[in-house]
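Here's the structure we're looking at; comments come further down.
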Amino acid sequence: MNRKIALITGGSRGLGKNTAEHLARHNVDVILTYHSRHEEAEAVVAELQASGVQAQSLQLDIGDASTFADFATQVQHVLKQHWQRDTFDFLINNAGIGITAPFAETTEAQFDQLMNIHLKGTFFLTQALLNLLADGGRIVNLSSGLTRFALPGYSAYAAMKGAVEVLTRYLAKELGPRGIAVNTLAPGAIETDFGGGVVRDNEEINHFIASQTALGRVGLPDDIGGAIATLLSDDNHWMTAQRLEVSGGMFL
Ligand code: NDP
């Protein structure tokens, strides 16, 4: 039987990279994308290959839907060339950025950037890749704990993620006949470069979040990559249209 192949957007750093590492431990091959950090992406590819799975990287700007048809063609070529396959199995819509601004000061440009990257990007990239995603495959859309609880400064970002959660349910319904399961994974605050690395680097914020988290600390990338790999395991094939929050119990 063919090994499974996952396409992870934003796999050069942070949660996408960690997800790739965890999937590799489950013998899943990986196509990862990066935006500008080609060297980081190649380092992840080399690490994955050294661990025994196949891996490739592709450039993608998730904020520019006009490039998605061309990107899908590139994915098709990579699948043919390196896997002799026409399809991949798991799509993980992970690439993203954080912008923090009070509601009253959020600009239209900030709103549009967040919308293009998180909502329009997820919507139209998934659409562009539909024919390359195998029947019986899976989609995981990354959301955020910020759709359940409200922290000042995240109104635009969280609104996009909320829309991604609605989109997840529609995809689950419309792709269900093809046997494709679609779920949302919503991390709590995790120590990555996200939002300028504030959760990791700002001691005050880090301690505050830890104090509001049932398991008593801020999340680490390993807390998320492992959860996504588990979500995508064969044992978990009957779950679809769900929002899973992986936050260590933030703001219960
Ligand atoms: P990081 O900043 O660590 O990594 C972001 C990744 O996305 C990088 O691979 C980056 O590529 C890629 N990326 C950024 N902008 C674009 C773009 N315009 N087009 C394509 N790729 C892009 O972030 P995280 O790993 O922390 O975040 C991953 C996801 O998790 C995001 O969707 C985020 O919203 C979500 N999330 C994160 C939380 C956290 O606390 N960290 C909490 C809840 C949700 P490159 O390296 O080339 O720049």
Side-chain angles (χ1 to χ4, degrees), residues 7-22 30-45 57-68 71 74 91-100 110 112-122 124-125 140-149 151 153-154 156-165 167-168 184-202 205-206 208-210 212-213 217-225 227-228 243-248 250-251:
L7 195 159
I8 307 172
T9 66
S12 45
R13 291 183 282 140
L15 305 185
K17 173 185 173 184
N18 192 271
T19 299
E21 292 167 345
H22 276 272
V30 172
I31 300 171
L32 61 89
T33 77
Y34 62 94
H35 182 220
S36 54
R37 303 206 185 189
H38 181 234
E39 276 180 25
E40 270 99 328
E42 283 309 300
V44 179
V45 165
S57 75
L58 289 172
Q59 201 275 338
L60 170 71
D61 182 356
I62 193 70
D64 184 358
S66 72
T67 64
F68 294 171
F71 177 76
Q74 289 179 50
L91 172 61
I92 299 147
N93 285 310
N94 163 78
I97 60 157
I99 296 176
T100 320
Q110 288 172 325
D112 286 346
Q113 194 182 3
L114 287 166
M115 184 180 65
N116 287 337
I117 287 178
H118 288 285
L119 177 55
K120 191 172 175 185
T122 302
F124 286 105
L125 185 72
V140 179
N141 293 325
L142 270 282
S143 178
S144 168
L146 290 162
T147 63
R148 176 177 63 81
F149 48 79
L151 280 181
Y154 290 100
Y157 170 80
M160 302 313 156
K161 290 299 199 185
V164 165
E165 295 181 5
L167 175 62
T168 295
T184 297
L185 190 127
I190 314 291
E191 291 188 10
T192 67
D193 295 339
F194 182 78
V198 63
V199 170
R200 180 191 56 214
D201 302 335
N202 183 317
I205 289 178
N206 190 294
F208 171 69
I209 292 168
Q212 300 299 317
T213 301
R217 63 166 172 81
V218 163
L220 299 170
D222 251 350
D223 298 322
I224 302 302
I228 294 176
R243 175 191 187 271
L244 302 168
E245 188 171 306
V246 183
S247 69
M250 238 180 117
F251 294 125

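Note that ligands are numbered from 1 as they come in the structure, with each ligand's atoms numbered from 1 the same way. Note that the structure is a prediction, hence the values are computed from the model and not measured.
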| field | Short side-chain donor-acceptor distance under 3.5 Å, T147 and R243 | value | yes
For L15, the ligand 1 atoms with a heavy-atom partner under 4.0 Å come out as 24 (P), 25 (O), 26 (O), 30 (O), 37 (C)
shortest atom 12 (C) of ligand 1-to-protein heavy-atom contact is with G10 CA, 3.8 Å
Among non-hydrogen protein atoms, atom 8 (C) of ligand 1 lies closest to S12 OG, 3.6 Å
Heavy-atom nearest pair, G121 first then F68, reads O-CE1, 3.7 Å
**OP:** Take every heavy atom of K161, measure it against each atom of ligand 1, and state whether any distance is under 4.0 Å.
**Re:** yes
Short version for T9: what comes under 4.0 Å of ligand 1, heavy atoms counted, is neither
Check: Would one find an N or O of I62, backbone or side chain, under 3.5 Å from an N or O of ligand 1?
Finding: yes
Restricting to heavy atoms, the pick from A95, A158, P221, G96 nearest atom 5 (C) of ligand 1 would be G96
Tightest non-hydrogen contact, residues G63 and N116, listed as O-CB, 3.7 Å
* Could a heavy atom of G188 be found less than 4.0 Å from some atom of ligand 1? -> yes
Per-atom filter on ligand 1: closer than 4.0 angstrom to a heavy atom of I117 are 18 (N)
Quick note on ligand 1: atoms under 4.0 Å from a heavy atom of I97 include exactly 14 (C), 15 (N)
Under 4.0 Å from one or more heavy atoms of R13, ligand 1 contributes atoms 2 (O), 8 (C), 9 (O), 10 (C), 45 (P), 46 (O), 48 (O)
Residues V164 and L142: closest non-hydrogen pair is CG1-O, 4.2 Å
Indicate yes or no: does an N/O atom of T33 lie under 3.5 Å from an N/O atom of ligand 1? no
Are R217 and D223 ion-paired here, with the side-chain N under 4.0 Å from a carboxylate O? yes
Would you check whether I190 has a nitrogen or oxygen atom less than 3.5 angstrom from a nitrogen or oxygen atom of ligand 1? yes
Exercise. Could you tell me if any non-hydrogen atom of D61 lies under 4.0 Å from any atom of ligand 1?
Key: yes
Closest to atom 29 (C) of ligand 1 (heavy atoms only, candidates N94, T67, L32) is N94
for atom 22 (C) of ligand 1, nearest protein heavy atom and its distance come out as H35 CB, 3.5 Å
In ligand 1, the atoms that come under 4.0 Å of a heavy atom of S143 are 43 (C), 44 (C)
H118 heavy atoms within 4.0 Å reach ligand 1 at atoms 32 (O), 34 (O)
Of all protein heavy atoms, the one nearest atom 41 (N) of ligand 1 is T192 OG1, 3.1 Å
Between L7 and T33, does the side chain to side chain contact (heavy atoms under 4.5 Å, CB included) criterion hold? Intermediate values first, please. CA-CA 8 Å; L7 195 159; T33 77; 4.2 Å; yes
Shortest non-hydrogen pair, L114 vs A156, comes out as CD1-CB, 3.7 Å
Q.
Does either side chain, that of N93 or that of T122, offer a donor lying less than 3.5 Å from an acceptor on the other one?
A. no
- prompt: With no hydrogens and no angle check, is any side-chain donor or acceptor of T213 less than 3.5 Å from a backbone partner on G248?
  reply: no
Applying ring-ring contact (aromatic ring centres under 6.0 Å, His included) to F71 and not counting sequence neighbours gives none
Atom 1 (P) of ligand 1: closest protein heavy atom, distance to 0.1 Å, is F194 N, 4.0 Å
For G188 and M250, the nearest pair of non-hydrogen atoms, with its separation, is CA-SD, 3.8 Å
query = More than 12 foreign heavy atoms under 6.0 Å from NZ of K17: is that the case here?
reply = no
Numbered in order shown, the ligand 1 atoms found under 4.0 Å of a heavy atom of G14 are 3 (O), 25 (O)
Checklist entry - Hey, is the main chain of G10 close enough, under 3.5 Å, to the side chain of N94 for a donor-acceptor pair? => result yes
A student checking ligand 1 against L60 at a 4.0 Å heavy-atom cut-off should list atoms 19 (N), 20 (C), 21 (N)
- Query: Is the Y157 ring parallel, tilted or perpendicular to the H118 ring (thresholds 30°, 60°)?
  - Reply: perpendicular
Closest to atom 43 (C) of ligand 1 among protein heavy atoms sits P187 O, 3.4 Å
When every non-hydrogen atom of G225 is compared with those of N18, the smallest separation belongs to CA-OD1, 3.2 Å
Quiz item: Taking N or O atoms only and a 3.5 Å limit, does R37 qualify as a polar contact for ligand 1?
Solution: yes
shortest atom 35 (C) of ligand 1-to-protein heavy-atom contact is with Y157 OH, 3.8 Å
